[in-house]
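Every heavy atom of this structure was used, including side-chain atoms; hydrogens, water molecules and symmetry mates were not.
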Amino acid sequence: MKDLIIECKGIKTDQYFIPPFELREGEFVVVCLYSGPCFDEIKKQLTDILTGRVHRKNVKIYKHLTFAEPFAESFFRRIFYPVTVGSYLKKNADVNNPIVSKIFEIDTFTKKDKMKNLETSQKKRISLSAVFSRTKNIVFDMRGEGALQFTKTLELVKDEIKSEGAAILIDWVADLRNDCSKFIAIEWLLDDEELRKIRNGSVKLSQMY
């Protein structure tokens, strides 16, 4: 049996429950939170726990995950001094790692291309490559990726964790239920009316920590 990276015995609040799961080396686990206004807040809290920023007593972390942050730049920088692919990688990646050169084989951009001119999916793969150049254990999302583009991103992730490492995708749809090592879905403990109040903001979302 491969090394255990994360052991989650379940995360429960008075409003929802994320079932128990384990993450082992080589595994690609999908945690589905489903779409809606609560997605971003629950994803943030869950990411904080999985990366070790926040301790949760029933989540044991043997190896910390790193979240692949989406690329962002200020309005001023975007207009007057836009970030290039090369400068982003130089700042955020171990440029001596083979995955940095591999990303230019997967996509058609060059080091001189400006990040602001790339598709969301391309920027996602660049940020993932930067993280993978420093660690093999990651957590990520697919925000902004269309159905026709995310396949290439998933192939990159699965290829990188084949021999070592592991990945958790925090997603909002169940499309990958049969294309992952384990599929975990949030379970709401509220009736339809209570859930509607959570979604429209009239009732506050309960916190994991």
Side-chain angles (χ1 to χ4, degrees), residues 1-7 22-31 43-44 46-54 60-74 77-78 81-146 148-171 176 179-182:
M1 187 173 288
K2 294 196 173 182
D3 290 347
L4 185 60
I5 295 175
I6 287 181
E7 180 183 16
E22 290 182 347
L23 176 68
R24 291 185 177 273
E25 191 171 293
E27 289 187 332
F28 169 56
V29 172
V30 174
V31 178
K43 183 193 78 172
K44 178 187 180 301
L46 182 58
T47 298
D48 285 344
I49 292 170
L50 296 175
T51 56
R53 295 173 190 163
V54 174
K60 194 166 185 178
I61 299 176
Y62 296 90
K63 296 180 183 178
H64 286 170
L65 304 184
T66 299
F67 181 63
E69 298 281 357
F71 170 75
E73 64 183 335
S74 67
R77 182 76 187 263
R78 180 181 176 86
Y81 190 54
V83 177
T84 64
V85 173
S87 62
Y88 175 85
L89 291 172
K90 185 176 181 180
K91 180 180 179 181
N92 295 282
D94 173 3
V95 294
N96 295 315
N97 190 295
I99 193 174
V100 174
S101 57
K102 180 181 176 182
I103 193 64
F104 296 102
E105 299 171 8
I106 296 173
D107 284 289
T108 57
F109 49 71
T110 69
K111 291 181 180 180
K112 293 182 179 180
D113 285 326
K114 295 177 177 62
M115 292 286 286
K116 69 177 185 179
N117 295 331
L118 303 184
E119 297 175 355
T120 299
S121 186
Q122 292 175 315
K123 288 185 280 192
K124 174 67 69 176
R125 287 189 289 277
I126 291 173
S127 66
L128 282 167
S129 297
V131 173
F132 273 130
S133 74
R134 295 180 279 109
T135 180
K136 293 297 183 182
N137 303 311
I138 73 162
V139 57
F140 69 110
D141 64 23
M142 301 282 275
R143 177 175 291 282
E145 297 233 32
L148 298 178
Q149 291 81 32
F150 76 79
T151 300
K152 190 182 287 189
T153 303
L154 286 182
E155 288 175 353
L156 169 67
V157 172
K158 289 181 177 181
D159 188 56
E160 284 302 306
I161 66 172
K162 262 188 322 192
S163 56
E164 60 175 321
I168 292 179
L169 168 63
I170 301 179
D171 210 358
L176 298 174
D179 193 19
C180 59
S181 306
K182 297 166 186 170

*Run the numbers on Ser121 and Arg125 for side chain to side chain donor-acceptor pair (under 3.5 Å), then give the verdict.*
CA-CA 6 Å; Ser121 186; Arg125 287 189 289 277; 2.6 Å; yes
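Rounding to the nearest 0.5 Å places NZ of Lys162 at 14.5 Å from CD of Glu25. The structure places CG of Asp171 at 10.5 Å from NZ of Lys43, a figure rounded to the nearest 0.5 Å. Here the CG atom belonging to Asn137 is positioned 6.0 Å from the CG atom belonging to Leu65, to the nearest 0.5 angstrom. Atoms NZ and CZ, from Lys114 and Arg78 in turn, are 11.5 Å apart once rounded to the nearest 0.5 Å. In this structure, Leu128 CG and Phe140 CZ are separated by 6.0 Å, a value rounded to the nearest 0.5 Å. Rounded to the nearest 0.5 Å, atoms CG (Leu50) and CG (Leu46) are 4.5 Å apart.
Residues Met142 and Leu169 form a side-chain contact, since some pair of their non-hydrogen atoms from C-beta on lies under 4.5 Å apart. Residues Lys111 and Lys90 have side chains not in contact (no heavy-atom distance under 4.5 Å, counting atoms from C-beta outward). Residues Asp159 and Lys102 have side chains in contact (heavy-atom distance under 4.5 Å, counting atoms from C-beta outward). Residues Thr51 and His64 form no side-chain contact, since every pair of their non-hydrogen atoms from C-beta on lies 4.5 Å or further apart. Looking only at side-chain heavy atoms (C-beta outward), Leu176 and Leu154 come within less than 4.5 Å of each other. Side-chain atoms of Asp179 and Phe28, non-hydrogen and from C-beta on, never get closer than 4.5 Å to each other. Counting only heavy atoms from C-beta outward, the side chains of Val131 and Phe67 never approach each other to under 4.5 Å. With a 4.5 Å cut-off on side-chain heavy atoms, Leu156 and Ile99 count as touching.
For Ser163, there are no side-chain contact (heavy atoms from CB on, under 4.5 Å) partners two or more places apart in sequence or in a different chain.
The two atoms that bring Val30 and Cys180 nearest to each other are CG2-CB, 3.7 Å, heavy atoms only. Closest approach of Leu118 to Lys123, counting heavy atoms only: O-CE, 3.6 Å. When every heavy atom of Val157 is checked against every heavy atom of Ala167, the shortest pair comes out as CG1-CB, 3.7 Å. In terms of heavy-atom proximity, Ala93 sits nearest to Ala130 at CB-CA, 3.7 Å. Taking both residues in full, the closest heavy atoms of Ala166 and Arg24 are given as CB-O, 3.5 Å, listed atom of the first, atom of the second, then distance. The minimum heavy-atom distance linking Asp3 with Lys63 is given by the pair OD2-NZ, 4.2 Å.
Atom NZ of Lys60 has 12 or fewer heavy atoms from other residues, nucleotides or ligands within 6.0 Å. Remark: Tyr81 OH is loosely packed, at most 12 non-hydrogen atoms of other residues, nucleotides or ligands lying under 6.0 Å away.
Residues in residues 83-105 take part in these ring-ring contact (aromatic ring centres under 6.0 Å, His included) pairs, two or more places apart or across chains: Phe71-Tyr88, Phe104-Phe109. Evaluation of the side chain to side chain donor-acceptor pair (under 3.5 Å) test over residues 91-101, restricted to residues two or more places apart or in two chains, returns none.
Checking side-chain atoms of Glu160 against main-chain N and O of Phe132 turns up no donor-acceptor pair under 3.5 Å.
Between Lys182 and Glu27 a salt bridge is recorded (basic side-chain N to carboxylate O distance below 4.0 Å).
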